[in-house]
Amino acid sequence: MIDDLAAVARLSGVSKRLGGRAVLDRLDLTIRAGEVTALLGPNGAGKTTSVALLTGRLAPDAGTAQLFGLDPRRPAARRRLGVMLQSAGLPDVLTIRELVTLHAGYYPDPRPIDEVLALAGIADLADRRCGALSGGQARRVQYALAICGRADLLVLDEPTAAMDRGSARTLWGTVRALADDGAAVLLTSHDLAEADALADRVLVMDAGRIVADDTPAALRARAGGSVLRCRTTLIPAAAALLPAVRDAEMEGADLRIVSADAATTVRTLLDADPALTALRIADATLEDAIATLLAPVQERIAA
Amino acid sequence: MTALALPHGVWRREALTEVKRSLRLPQFLLPTVLTPAGFYGLFTLALPHDPAPGFAAATLAGYGVFAATGPALFGFGAGVAVEREQGLIELKRVSPMPAGAYVAAKLTAAVAMTALALVLIDALSIVAGVRLPLATWALLTLLHLASAVPFALIGFGMGMRMSAKGAVAVANALFLGCSVLGGLWIPSRLLPGWMQSIGAWTPSYHLGQLARLIVGADTIGSPWMHAAAILAMTVAGAAWAWTGWRRSPA
């Protein structure tokens, strides 16, 4: 019930077919205030479609989409929503200041324009026309449009794609601050380091369903703790039988093993193949965790 | 309730911004504003016959409608298709801006560009000796400005469905095709029968006939029939535009 009070957006039992293909399959998803939620998953998992439903660009075939308790397709529901889309463009002959001012005017209680420009790091570009911006600068303008209305829900679709690392870190800082002030943030990203750094909660999607919903730390722990890489004659199926091994697969010429306890695995691994070389051990990253989560599903599809 | 809760001035700001954008796009502005005036000047003033005021007035009726079709077809048809491909419509669609404000803003810009073109044509017609009562000028101008509406709706429906390249090609074909077949350049009664028959299916024909009626030139058929045809085409255009907006997710 506490969940329900904090919920700002929700998909309930949503199914959606696009181009004859079932993209979402009775999906349930809740976005809560004060939380950065990362939506991750392989291409075609249904992330973009979920975002399109939550932002009112698509209607569900079955189930309901809600934004602040309203149908997201109603402009009134979107008055508390700020969106940064990957696919969206900018009107090239307007200046940044003109565009941000126009957008801020859509909201009942907008942020002052100069504050928006400063937060997005584009104050020095304000009088530049949008058509004359680099990719990273255009992304920062998109970000300014998302935050100009003091939205209670920010949807950021690949926010730092085309940005240099410095700009990306600045943006993460402001997103974090907005979430700490109580905004809900929904983030999609291919950059799992970004999701790990920013998200309070990770939703992993695959084939139109949520396959995991947890904190990044819990997901990393679930993946097993360590990733071992080595050159060996052992095949993955044999390595998978060793103690503490969660997952084993070839990665180029390396055998990649996810282990819950690296020491136990290594001891038996060296016995199993005395000729083994180039052994490396690393902490499991969020990427490893997600690869492990998705592996059984991928195999099921292949079978 | 929704309309009341809207921040003050959203529609007005959207419209002003759109007019500003149109004025900053000379490659769009010049052809749509200058072409009708150029043609009118050529056929009414420059060609051998003395610029007879009656002829110039009848021609003015048609060219004013022609002037309205350009900004409407290119601004909505080609412009909307380009904006859709660039992802600008996506940007608007996820914002709290009501869809109506976008359409109204585009229409305002199209009518503003039409007004610019009309100023040029009307000035040329005065040079050609056209003298009309003030009420007639007012009525004629009103009809010319309103002519943008059915074409804007047709263009909007195109823009939401076609690629930018396709929409530009179709807008060009309609811009010239409707004007020739609808009797805006050469009066319909001088056109071959088959051209007249096809022309009757264009909004240009009916708008042109109504405009000729206003300036006192000879017309074909009943004005009520023309008004009814325009109304029907506008309603059909609105349906085409609305379904286009609804269907296109991107």
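Here is the naming used below: chain letters follow the sequence lines, and residue numbers restart at 1 for every chain.
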side-chain contact (heavy atoms from CB on, under 4.5 Å) partner of A/Tyr143, the single match among A/Val175, A/Ile122, A/Val116: A/Val175
Residue from B/Leu60, B/Ile126, B/Val33 passing side-chain contact (heavy atoms from CB on, under 4.5 Å) with B/Ile121: B/Leu60
Under 4.5 Å from a heavy atom of chain A, the part of B/Leu25 involved: side chain
Contacting region of B/Glu14 [heavy-atom separation from chain A under 4.5 Å]: both
Winner by heavy-atom pair count (cut-off under 4.5 Å) against chain A, out of B/Arg13, B/Arg21, B/Gln86, B/Glu85: B/Arg21
A/Arg10 side chain to A/Ser12 side chain, donor-acceptor N/O pair below 3.5 angstrom: no
Any donor-acceptor N/O pair, A/Arg73 side chain to A/Gly56 backbone, under 3.5 Å: no
Qualifying residue for salt bridge (Lys or Arg N to Asp or Glu O under 4.0 Å) with B/Glu83, from B/Lys92, B/Lys106, B/Arg93: B/Lys106
Pick from A/Val155, A/Leu145, A/Leu94 with the largest number of heavy-atom pairs that fall under 4.5 Å of chain B: A/Leu94
Winner by heavy-atom pair count (cut-off under 4.5 Å) against chain B, out of A/Leu90, A/Leu99, A/Thr101, A/Asp92: A/Leu90
Chain B contact via A/Arg80 - which portion, at a heavy-atom distance below 4.5 Å: neither
